[in-house]
Amino acid sequence: VTLHNLRFSGPVRLVVTGLQSTAPGFGALLLSFPTAPSIGLEVRVAGGEVTRLPWLRTEVQKTIKRAVAERLLWPQRIVIPA
């Protein structure tokens, strides 16, 4: 199973925290989505693109949206240390 062309479309909230006077100038970046993003993707199994099947594409997208909401939808966020 391979995932190709995973795309998120929507606003992104990026917070720069721990400002410092030395490079890179910050301690971490906080990344989240204020609203649920639109998701585009292609999933292939054994060389065939299974996302051409509408019901399977819908199920895969729902699973990814649920995972994004649990981990990236505000107030949840990813911390990227400098």
Side-chain angles (χ1 to χ4, degrees):
V1 177
T2 58
L3 183 66
H4 293 274
N5 299 326
L6 179 61
R7 300 172 303 279
F8 296 101
S9 177
V12 174
R13 177 175 286 157
L14 181 64
V15 178
V16 179
T17 185
L19 298 178
Q20 304 169 356
S21 59
T22 59
F26 59 91
L29 299 173
L30 309 177
L31 177 72
S32 66
F33 291 105
T35 59
S38 299
I39 297 173
L41 58 96
E42 295 171 13
V43 177
R44 295 183 181 151
V45 177
E49 189 178 335
V50 297
T51 49
R52 290 182 188 240
L53 302 170
W55 63 271
L56 183 56
R57 180 182 192 86
T58 301
E59 289 303 312
V60 169
Q61 283 183 329
K62 282 196 297 190
T63 301
I64 290 174
K65 280 186 178 187
R66 190 170 30 252
V68 166
E70 289 173 2
R71 292 177 179 82
L72 286 171
L73 198 56
W74 183 259
Q76 302 298 323
R77 60 188 178 237
I78 290 179
V79 178
I80 306 167

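Atoms CZ and CD1, on Phe8 and Ile64 in that order, are 7.0 Å from each other to the nearest 0.5 Å. In this structure, NZ on Lys65 lies 9.5 Å from OG1 on Thr58, to the nearest 0.5 angstrom.
Nearest heavy-atom pair across Leu14 and Leu31 is CD1-CD1, 4.3 Å. When all heavy atoms of Arg71 and Gln76 are compared, the closest pair comes out as O-CB, 3.5 Å.
Qualifying side chain to side chain contact (heavy atoms under 4.5 Å, CB included) partners for Leu72, counting only residues two or more places apart in sequence or in other chains: Phe33, Val68, Ile78. Take Arg13 and apply the side chain to side chain contact (heavy atoms under 4.5 Å, CB included) test, not counting sequence neighbours, and it matches Val15, Ser32, Pro34, Trp74. Shown here are the side chain to side chain contact (heavy atoms under 4.5 Å, CB included) partners of Ala28, two or more places apart in sequence or in another chain: Thr17, Val79. Residues that satisfy the side chain to side chain contact (heavy atoms under 4.5 Å, CB included) test with Pro81, not counting sequence neighbours, are absent from this structure. For Lys62, the side chain to side chain donor-acceptor pair (under 3.5 Å) test picks out Glu59, with sequence neighbours left out.
Tracing side-chain contacts under 4.5 Å through hydrophobic residues (I, L, V, M, F, W, Y), one never reaches Leu19 starting from Leu30; they form parts of separate clusters.
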